[in-house]
Structures are given as structure tokens and as C-alpha cells.
There are 2 protein chains.
Amino acid sequence: MKISEIASKVNVSAKTIRYYEEVGLLEPPLRKDNGYRLYHQKNVETLIFIRRCRELNIAISDIKLLIDVQQDPKASCASVDKIIADQLARIQQSQRELALLEQSLATLAVSCKNHHVEDCCILHQLKSL
Amino acid sequence: MKISEIASKVNVSAKTIRYYEEVGLLEPPLRKDNGYRLYHQKNVETLIFIRRCRELNIAISDIKLLIDVQQDPKASCASVDKIIADQLARIQQSQRELALLEQSLATLAVSCKNHHVEDCCILHQLKSL
DNA sequence: TTTAAAGGTTACAGCTACTGGAAGGTCAAT
DNA sequence: ATTGACCTTCCAGTAGCTGTAACCTTTAAA
């Protein structure tokens, strides 16, 4: 199938698919005589795998590792466990940071009932906090 | 004062200060005969303001607006209110997204008790979910 | 048969907010 | 005179795409 066909199948833009190939996430596919990329069912599965990982915000470099480790079915899956655990930890860290941010912004946001820059409580706080 | 002096005063790298100047967030300062940037107390205050905004994750384009609006003390501070409210909304949206992400990752992370790639529950779920 | 639309190709630039590094000028102390 | 710390500019890199340009191929309509 051609690139736009697989693109609509896995719900990713053709541009993105070419990008995944460029960064080594996707094997360079065969080409037709005219130079067009030619994809197969296996590529669909890989792309769906990649998209699921990306939806979990897993970095492309980690997705590469997840794909590589699958080359050897007998290999330990410890690295897989670690990638997911680390990703979870990162997300939780981001959550903590966002919670702090939200607190600060929420406090700031309710503080201004004035209408002019010169006595705007928000600006005042941003300057003197 | 020279760039590294103001940099350590406001706890920002000299590199970042030059960057803020380049993107129009900071007025180009006077130069000494040797070409060195020469900063004043006013610049310290502006930089602290900028850093506080950045700590709230406010985009540089929005910080520009916040700085510009302060040119006219009689101007309405509605745009200030809006920038902060929008920022708060963005943060809250990110929080909702991260909460979903965390759920998915947490489920995934506890699911694997096996040790080989061929029957790794995590990989299995990532492929078939 | 010409032509126009739709899709393919590559290559380069842009997004955000910095950061790193190279190459070279300046300054203060030894 | 030289060393080391600091300053300057400019270019490239980060993550994960996305937009655009210039060009080629295929397919369908006029």
C-alpha cells in the first residue's frame, strides 16, 4: 500500500511516517519503480505500536529500544519494565510540578479586581512576589 | 554592571539574558567602549519579572504583552487577566491529560510479572490494546 | 489529447526556550 | 609577556513533528 493509505489506516500523517523512517524508528520500506514507498501489514502493526507508545508520551529513543528488544523473544523484558516505570515516574513528577504551578496561577488569577495597569494586582504580585 | 553580574543577581545565565534580548523581551542595553553590555537596576527588575513569569510557564510572547501593557499605566489590565486565566486553563488541561496518561501507564506497569520478551505483558498490551 | 487534480518525492525551515561550542577580542593579575 | 576569566558573535542542537517549495507521477475529466 502507498503511504497515504497506511497513513489513514493508522491515523498518522504521511509526513509523520516519513519522519519516523528518517529517525530510524521505521525500517525503510521497499520502493516501487516510480520511487513511491510500498508498505505491508507488518508496517501497519509497527506503526500502531509506535502510536500507542507516543500516546503514552514515550520518547522516540525509548520506542526504538522497545522495538529493538523484541528482536529476541528470549531476551529479558527488564528494560521494558524499566522504560514504562521511568515514564510513569516522569509523568508523576510533571503532575507534581503542574500542581504547584496551578496553585500559584490560581492565587494570582483571582487576585485582581481592578481595571487599570497601574494598580493591577496581578502585575503587582508578579513584580514583588 | 556587566552581564555575568546581573546574571548571578537574577539567577539566570548570561546566555539566557542575551537570548531574551535577541527575541525582544529585553531592551538592548547600552554598550561600553569595548562592546560589553552594560546593565542597570531597571534591567534587574525586568529580568526578575520575566523569570517569575517563566516560572509560571508563561510563554515569551505573552511576557512581551505583559511588559508592553505596562507602558501605559492607565490602560486596561483586562489583557493581563486574560493571559493569566488562559495560562491557568492550559495548566489545568495539561493536568487532566497527565492524569489519563498516568492511569494508562500505571495499569501497564503493574501488569508484567514475566521475564522474557516473548511473553511480556507490557509489550503484549502495547501491541494489542 | 491536453490538462488539471491528487498524490508521491526530497530538502529545508520553523516551532519553544534555551544551551553548547567555536573563534576571537578584552581585561586584570602575575 | 602570558595566563585565565570574561566578553563578543554566530552556528548548531534539543523533541517531535509540521509547513512549504519545487518537482515528478498517476489518474480522471474535458
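Both backbone and side-chain heavy atoms feed into the values below; hydrogens, waters and symmetry mates do not. Every chain is numbered from 1 and lettered A, B, ... according to where its sequence line falls, protein lines coming before strand lines.
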Q. Which part of the nucleic acid does A:S61 contact within heavy-atom distance under 4.0 Å: base, sugar-phosphate only, or nothing?
A. nothing
Q | Most 5' of B:S4 and A:A59 on DNA chain D, judged by nearest nucleotide | A | B:S4
Q.
Is there a side-chain contact between B:N34 and the phosphate of C:dG25, meaning an N or O under 4.0 Å from OP1 or OP2?
A. no
Q | Partners meeting salt bridge (Lys or Arg N to Asp or Glu O under 4.0 Å) with A:R54 (sequence neighbours left out) | A | none
Q) Which nucleotide sits closest to the side chain of A:K15: C:dA11, C:dG25, C:dA17? A) C:dA11
Q.
If the threshold is 4.0 Å, N to carboxylate O, is there a salt bridge linking A:R37 and A:E21?
A. yes
(Q) Using C1' atoms of five pairs at each end, report the bend of the helix from C:dT1-D:dA30 to C:dT30-D:dA1 rounded to 10 degrees. (A) 40°
(Q) Can you give me the first and the last nucleotide of DNA chain D (5' to 3') that has an atom within less than 4.0 angstrom of a non-hydrogen atom in chain B? (A) D:dC6 to D:dC10
(Q) Quick one, B:R52 with A:Q125, criterion side-chain contact (heavy atoms from CB on, under 4.5 Å). Give me CA distance, side-chain angles, the key distance, then yes/no. (A) CA-CA 10 Å; B:R52 291 213 177 106; A:Q125 280 194 65; over 6 Å; no
**Q.** 5′-ward residue of the pair B:R54/B:Y36 relative to DNA chain C
**A.** B:R54
**Q.** Contact check, side chains of A:L30 and A:H40, non-hydrogen atoms, under 4.5 Å
**A.** yes
Q.
Contact between B:L98 and B:E102 at the side-chain level, heavy atoms closer than 4.5 Å - yes or no?
A. no
(Q) A:D119: which residues meet the salt bridge (Lys or Arg N to Asp or Glu O under 4.0 Å) condition with it, sequence neighbours left out? (A) none
Q.
Would you say that A:Q41 contacts A:E45 through its side chain, given a criterion of any heavy-atom pair below 4.5 Å between the two side chains?
A. yes
Q) Quick one: B:I17 CD1 to C:dA17 P, roughly how many Å, whole number? A) 17 Å
Q: Would you mind reporting whether B:L47 and B:Y39 have side-chain heavy atoms less than 4.5 Å apart?
A: no
Listed pairs under 3.5 Å, donor-acceptor, residues 64-80 of chain B side chains, sequence neighbours left out:
from	atom 1	to	atom 2	distance (Å)
B:K64	NZ	B:V23	O	2.8
B:Q70	OE1	A:K127	NZ	3.0
B:Q70	NE2	B:L66	O	3.0
B:D72	OD1	B:K74	N	3.0
B:K74	NZ	A:E118	OE2	3.2
B:S76	OG	B:A78	N	3.0

Q.
I need the residues from residues 18-31 of chain A with at least one non-hydrogen atom less than 4.0 Å from DNA chain D; give them sorted by number, or say none.
A. A:Y19, A:Y20
Q) Please give, in whole Å, the distance from C:dT16 P to B:Q87 CD? A) 14 Å
Q | Neighbour count above 12 (heavy atom, 6.0 Å) for B:E97 CD | A | yes
Q. In terms of side-chain heavy atoms, does A:Q93 have a donor or acceptor partner in A:R96 at a distance below 3.5 Å?
A. yes
Q. Atom CG of A:L38 to atom P of C:dT9: distance rounded to whole Å?
A. 11 Å
**Q.** Value in whole Å for how far the P atom of C:dG14 lies from CD1 of B:I60
**A.** 17 Å
